[in-house]
Amino acid sequence: MNDTIVAISTKLGEGAISIIRVSGPESINIVNKLFKGKDLTKVTSHTINYGFINDGIKDIDEVLVSIMRAPKTFTREDIVEVNCHGGIAPTLKILELINQAGARLAEPGEFTKRAFLNGRIDLTQAEAVMDIIQSKTDANRSLALSSLEGNLKNYITTFRDKLKYLLANIEVNIDYPEYYDIEEITLEDIKKTITDLKVDLQDLITRSVERLIVKNGIKTIIIGRPNVGKSSILNTFLKEDKAIVTNIEGTTRDLVEGEIIFDGIELSLIDTAGIRETDNIVEKIGVEKSLSLIDNADLIIVVLNSSEELTDNDKFILDKVKDRNPIIVLNKNDLKAKLHKEDFTFDHIVSTNTNSFTGIDSLKQEIKKMFNLDEIKEQDYTYLANNRQLLLAKQAKKNLEEAEKSLLADTPVDIIEIDLRAVFDTLGEITGENYSDELLDELFKDFCVGK
């Protein structure tokens with residue numbers, strides 16, 4: 001990290017401005033070589049300076065140059081940001097000149113990676129940067145901002161401090177049993193601390209699983225036999241004619257997808273091909289594709305025609321989803337009913353029609369109830385933000401449970417200490433107290449280059 005890096009930090013294309021970001025020990029000197037205006041090496045930190053970028057022969061563009069000196073910057077290095085006119089030609093030309101003047105082109109996420117390595121942020125905050133960039137809803141943005149502000153980092157640090165105190169007392173009592181003035185820690189003390197920590201960690205895990213719905217959205221498939229109203233439900237949700245609707249069976253032969261923001265949560269809807277026996281090879285492929293989606297969906301909506309008796313195809317579909325907690329939709333309730341809620345043993349059953357936008361309100365309410373969407377919107381934003389963090393937390397909880405079992409089995413305390421140390425180290429991986437180069441490469445590879 002002794003070199004200086006440069007990248008475009010805004011989307012390349014036509015716009016009002018583009019920003020070229022430079023970070024590293026030579027960033028000010030490098031840009032100063034190209035800047036026609038004040039001597040940037042002498043200006044005050046955190047100032048914006050007007051002038052021109054010049055290639056030594058002619059002016060390239062009129063610019064504003066921001067100077068931010070270490071350590072009060074995002075990377076804790078000297079940072080220069082060149083604000084030029086938006087457009088592909090001026091942006092790329094200035095990038096090229098800065099690169100030729102001595103700055104290396106940055107790798108994806110390298111600015112944020114330097115912020116982490118220089119102690120400006122921890123790993124949870126680094127991941128939150130990407131979450132904010134990718135957020136599509138206000139709730140998603142709020143959750144990511146909470147992690148960026150350090151709420152999760154503080155929670156994990158406090159948790160580890162309790163473990164650190166416990167481990168220190170165990171080690172002192174093991175190594176210096178003859179000193180009576182040292183506070184003696186008993187097995188009851190250890191048991192109580194482990195129990196309390198396990199409850200806290202489980203609460204965080206449970207809360208985080210729910211909050212991940214906010215971040216990732218709800219992947220929803222709409223499934224049923226042909227002509228029961230699947231495509232009409234999709235179109236009513238989206239308030240547009242996304243899927244073709246006719247009274248001809250098998251109209252939908254491939255997946256039709258759409259996304260909406262539903263009660264602050266992204267709902268990804270997939271209308272599937274009608275499930276039935278068919279000799280049509282195209283329709284058959286669509287049916288197979290529809291069935292393959294069942295295992296990976298967060299929500300399965302099974303649509304039945306309430307004005308008709310159950311068919312063999314209906315029964316086949318219901319059997320396929322019986323262990324996936326689906327929502328059963330008795331559609332076309334404006335017609336004389338032959339199917340009723342009491343005919344089924346599923347937990348989530350609603351009655352709908354698509355004659356109007358309000359005809360599927362019961363389905364929307366059931367989704368809210370099923371995923372606790374009202375509770376998720378409460379202002380408790382301390383949560384594990386991704387599967388990496390969640391898996392580590394679950395591993396730490398497993399180690400706590402192992403320590404608890406060892407206590408009940410009267411295992412020597414120095415053996416119990418090993419499990420507690422594993423909990424301490426595993427939680428440190430969440431925040432980046434412990435990390436590998438391979439982990440960092442994996443985390444930052446999906447960042448945009450200028451971030």
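All values below come from the heavy atoms of this structure, side chains included, with hydrogens, waters and symmetry mates left out. This is a predicted model, so every value here is computed, not measured.
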N/O donor-acceptor pair under 3.5 Å between [X] side chain and [Y] backbone:
X    : Y    : value
T426 : V423 : no
R21  : S9   : no
R324 : I294 : yes
R76  : A115 : no

Quick one, [X] and [Y] - any side-chain contact, counting heavy atoms below 4.5 Å?
X    : Y    : value
T4   : V6   : no
L318 : I328 : yes
R421 : N399 : no
F74  : R114 : no
L123 : T431 : no
Q202 : I205 : yes
L392 : L384 : no
F35  : V82  : no

Charged N to carboxylate O below 4.0 Å: is that the case for [X] and [Y]?
X    : Y    : value
D203 : R207 : yes
K192 : D196 : yes
K397 : E401 : yes

### Task
For I190 and I194, run side chain to side chain contact (heavy atoms under 4.5 Å, CB included): C-alpha distance rounded to whole Å, both residues' side-chain angles, the deciding distance at 0.1 Å, then the answer.
CA-CA 6 Å; I190 298 174; I194 289 175; 3.7 Å; yes
Where do [X] and [Y] come nearest, in terms of heavy atoms and distance?
X    : Y    : result
S147 : T124 : CB-O, 4.2 Å
T91  : G87  : OG1-O, 2.6 Å
F237 : I360 : CD1-CD1, 3.7 Å
K341 : S351 : CE-N, 4.1 Å
D61  : P90  : OD2-CB, 3.9 Å
A70  : D78  : N-OD1, 2.8 Å

For [X], does the [atom1] atom have more than 12 heavy-atom neighbours from other residues, nucleotides or ligands under 6.0 Å away?
X    : atom1 : result
E342 : CD    : yes
K191 : NZ    : no
K320 : NZ    : no

### Task
Would you please test I327 and V350 for side chain to side chain contact (heavy atoms under 4.5 Å, CB included) and show each step?
CA-CA 7 Å; I327 295 179; V350 297; 4.2 Å; yes
Quick one: pull up [atom1] in [X] and [atom2] in [Y] and give me the separation to the nearest 0.5 Å.
X    : Y    : atom1 : atom2 : result
I132 : M130 : CD1   : CE    : 12.0 Å
I67  : L40  : CD1   : CG    : 4.5 Å
K38  : N32  : NZ    : CG    : 12.5 Å
N331 : T352 : CG    : OG1   : 3.5 Å
S268 : L299 : OG    : CG    : 11.0 Å
L167 : R160 : CG    : CZ    : 10.0 Å

### Query
So I221 and N296, side chain to side chain contact (heavy atoms under 4.5 Å, CB included) or not? Walk me through it.
CA-CA 10 Å; I221 66 167; N296 295 321; over 6 Å; no
With a 3.5 Å cut-off and sequence neighbours excluded, list the donor-acceptor pairs that the side chains of residues 44-55 form with protein atoms.
unit_1, atom_1, unit_2, atom_2, d
S45, OG, R69, N, 2.9
H46, NE2, K72, O, 2.9
T47, OG1, T44, O, 2.7
T47, OG1, N49, ND2, 3.4
N49, ND2, V65, O, 3.2
Y50, OH, E62, OE2, 2.5
N54, OD1, G56, N, 2.6
N54, OD1, I57, N, 3.4
N54, ND2, K58, O, 3.1
N54, ND2, D59, OD1, 2.7
D55, OD1, I57, N, 2.8
D55, OD1, K58, N, 2.8
D55, OD2, K58, NZ, 3.1

### Non-neighbouring partners of F424 that pass ring-ring contact (aromatic ring centres under 6.0 Å, His included), sequence neighbours left out
none
### Task
Going by the side-chain contact (heavy atoms from CB on, under 4.5 Å) test, name the single residue among I222, I223, I349 that passes it with V302.
I223
### Message
Listing request: all salt bridge (charged side-chain N to carboxylate O under 4.0 Å, His left out) pairs with a residue in residues 89-107, at least two apart in sequence or in separate chains.
### Response
D3-R104, K93-E96, R104-E110
### Query
Any side-chain donor paired with an acceptor under 3.5 Å for T75 and S23?
yes
#### Entry: Residue pair Q389 / E127, side-chain donor-acceptor N/O under 3.5 Å
yes
### Candidate pair E404 and L407, rule side chain to side chain contact (heavy atoms under 4.5 Å, CB included), full reasoning
CA-CA 5 Å; E404 192 174 47; L407 272 174; 5.6 Å; no
